[in-house]
Protein chains: 2
Amino acid sequence: MSAPGRPTSKDVAQEAGVSQSTVSLVLGGKWTGRVSPATARSVRSAAERLGYRPNPAARNLRLGTTRTVLLMVPTLTAPFFGPVYTGAARVAARHGFGVVVATWPDDMNGPVGDACPGPPSYTPPDGPFASPDEAIDGVLASSMAVEALARFRETPAVMLDSGPNTPAGLAPHAAGPGAPGSSGHGPGGAGGRLVPTVDFGVAEGMRGIAEHLAGLGHRRIGHVAAAVDQWTFRARARALAAAVAAVPGGVLSRSMCAIDATSAKNAAGRLLDRADRPTALVCDDDLIAAGAYKAARARGLDIPGDLSVTGFDDVLLATALEPELTTVRLPAEELGAQGMTALLDLLSGRRPAPRVLPGELIIRDSTAPPPP
Amino acid sequence: MSAPGRPTSKDVAQEAGVSQSTVSLVLGGKWTGRVSPATARSVRSAAERLGYRPNPAARNLRLGTTRTVLLMVPTLTAPFFGPVYTGAARVAARHGFGVVVATWPDDMNGPVGDACPGPPSYTPPDGPFASPDEAIDGVLASSMAVEALARFRETPAVMLDSGPNTPAGLAPHAAGPGAPGSSGHGPGGAGGRLVPTVDFGVAEGMRGIAEHLAGLGHRRIGHVAAAVDQWTFRARARALAAAVAAVPGGVLSRSMCAIDATSAKNAAGRLLDRADRPTALVCDDDLIAAGAYKAARARGLDIPGDLSVTGFDDVLLATALEPELTTVRLPAEELGAQGMTALLDLLSGRRPAPRVLPGELIIRDSTAPPPP
DNA sequence: CTGAAAGCGCTTACAG
DNA sequence: CTGAAAGCGCTTACAG
């Protein structure tokens, strides 16, 4: 038996009869031409025998890097973010990076700067700086405003599904009305620095839905819109309005709701109770579409015979509904993957170009020509 | 201007005209009685002025702790795991811990021990040990077998939704049939060490459903079961079988499926096409119940008039369906919170008792007396 | 081809 | 009440 704790590179060196430097070189994979193959072999076997794993804290300190990226999402409860994480983690792992996820603004306001409240079962040995949030090399921020990056002034960041960034130094909302059109383009500024973006082609997707409906013969369109302050929903509303305006005789009505079935049912109901009832309901989200289904059924309206309904996102729910939902598939996992790729590029000094991932119109059974 | 990089405690010390030790004491909150209030104040203001944030890698190295916990889940795509994370992260944050999530067995087989494949956009400076997986103080493993902990021999761990652990040294599946009944009880062993558990009262939940159905008058029950090798599904099947057997005249048929609407629709269809068609379908999962709805509708069967259907979990989908689904609510966020609490206890040397969180029967509109 | 040494930024005895 | 020093476990010039 040697030391009690977990073995260090020093232990491996001793076991192999070499110096710590040699161990580091060999295990770090930069030994070719500098260490003899025989020595390398013996180092490896010593490491294996001891079950050696390098201490990441020590490496991080030495290297000034943590090989960890923070993924910020508004919530993990929405089915959309699981795949985003999965895509990001997949490419991160390929490059030896880990992904930490945090929800914002929720738990980012956690322990930083506060005394630890309540009766702690484990008392932190440190006071105001307990948050581990800072131990990261980069951040991926999904579906939020640039403000979210305020606390990461120095940290390389990529914005996902957050729209084209506003000009340097401007608050993003202030620039809202005048912002460049529909599709997410161009790196912009968060407090003056450039932040690469990866977005969905939300506008094209919404236009696809509008054209599909118009092609079927619909003219009176109702928009059941999510009352959520995110770029993607603003873009959806804008694109739908533009697309309906382009249809001769096209008329758009709108009703807002929260993203849950009950709220959506009520909002859709308001539209359906109008004298000039729409023949098609375009919903901002698949779950909202489920609410629209309920509103329709409550009024004895058949889908798609009396009323066409569309969703957005194509989550599992879309095919669980009956009839199955016509919707736009958003490649969420791809968003995470491309975002991570962009961030890794940024980390190695490149300037990733902004990317837009097209959505795909998925026509199922919830859309048909309007009743005569 | 002083040094270029981010300020260190040494910089703060210099700025405040004190030593590094004093800075550490003050900022670490352990100065009372050891540093004069005036000095403490000046240290704090110097830190603020410089925008000082301690380097977590250095602290981790010094302390031998990372204040980071790994949450392992089978997938982030299922709607169940978002809340688990949220609950765990909430209590972690209160104690200055962060939560990293990893899916297993998927991305845990990542870069460890492999050369980095493909054309890396960022070449890791280190070879075989690139994985950050080890930089953790503890692990929370949800919905998986004890084997998942094999690579964390020394790391404190808590198993969530994974059932009562098997006796020390035994593979968990080997012990399956003879394992102690239905509800998740008792710390067990993973390769000889004790692992605390937090589970749902799945058996009680399933029994609640069976009794609800029996009370309505149902005798022929069909089980649309998830073909997924997880404790929770084995427990659901076992509990339902026992509960139906306890009903005079109770008869149980079963059909297996994957957890998706199409597979579930087919499995439910097989049950509905039998000569002795069940009058109620008990589904292992809300999404499976959605598939059962489709099978029923395809056969012109009204829910709940001709057929009662129940789900399990109570995810968003349950109220998006029509009729709204009778199901069992599982407190997923609470599972994460309690699991993290147990892990924190473990980390501070306590032995958390095993916990079982009761499910709640939610009666909605998908269940009614069987047709005459 | 190999080793001795410095140093990343902290925290914590220890001495005064 | 305050400071000088050691050391956590790595990696990387630098010397041989």
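A, B, ... follow the sequence lines: proteins, then strands. Residue 1 opens every chain.
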Can B:Arg350 and B:Ser348 be said to form a side chain to side chain donor-acceptor pair (under 3.5 Å), step by step? CA-CA 6 Å; B:Arg350 262 156 279 170; B:Ser348 46; 3.0 Å; yes

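Note: CG (A:Leu61) to P (D:dC10) measures 12 Å, nearest angstrom. Following rounding to the nearest Å, B:Trp31 (CH2) and D:dC1 (P) show an atom-to-atom distance of 10 Å. Rounding to whole angstrom units, CG of residue B:Leu25 and P of D:dG3 are separated by 11 Å. Atom pair A:Asn60:CG and C:dC10:P shows a separation of 14 Å (rounding to whole Å applied). If you take CZ of B:Arg53 and C1' of C:dC10, they are 15 Å apart, rounded to a whole angstrom. What separates CG of A:Leu63 from P of C:dA6 is a distance of 20 Å, to the nearest Å. Spacing between atom CG of A:Asn55 and atom P of D:dG7 amounts to 17 Å, rounded to whole angstrom units. In this structure, A:Arg62 places its CZ atom 11 Å from C1' of D:dG9, rounding to the nearest Å.
Residue A:Glu334 places its CD atom among more than 12 non-hydrogen atoms of other residues, nucleotides or ligands, all under 6.0 Å distant.
When the nucleotides C:dG3, C:dG9, D:dT2 are ranked by their closest atom to the side chain of B:Ala58, C:dG9 comes out on top. Comparing D:dT2, D:dC10, C:dG9 by their nearest atom to the side chain of B:Val35 picks out D:dT2. Taking only side-chain atoms of A:Gln20, from C-beta outward, the nucleotide of C:dT12, C:dG9, D:dT11 with the closest atom is D:dT11.
Nucleotide D:dC1 forms a pair with C:dG16, judged by Watson-Crick or G-U wobble geometry with both contacts under 3.5 Å.
Contacts of B:Ser21 with the nucleic acid, taken as non-hydrogen atoms under 4.0 Å apart, include base atoms. Among the protein residues, B:Ser24 comes within range of the nucleic acid bases, having at least one heavy atom under 4.0 Å from a base atom.
No hydrogens or angles considered: nothing links the side chains of B:Thr86 and B:Arg90 as a donor-acceptor pair under 3.5 Å. Judged by distance alone, the side chains of A:Ser143 and A:Asp161 do bring a donor and an acceptor atom under 3.5 Å apart.
At the phosphate of C:dG3, OP1 or OP2 sits under 4.0 Å from a side-chain N or O atom of A:Thr22. Distances shorter than 4.0 Å separate none of the side-chain N or O atoms of A:Ser36 from OP1 or OP2 on C:dC1. Considering only side-chain N and O atoms, B:Thr39 lies under 4.0 angstrom from the phosphate OP1 or OP2 of D:dT2. A:Ser19 has a side-chain polar atom (N or O) that falls below the 4.0 Å cut-off from OP1 or OP2 of C:dG3. Residue A:Arg59 places at least one side-chain N or O closer than 4.0 Å to OP1 or OP2 of D:dT11.
Side-chain contact between A:Tyr85 and A:Leu71 is present, with heavy atoms from C-beta onward closer than 4.5 Å.
Both A:Val18 and B:Pro7 lie near DNA chain C, and the one whose nearest nucleotide falls closer to the 5' end is A:Val18.
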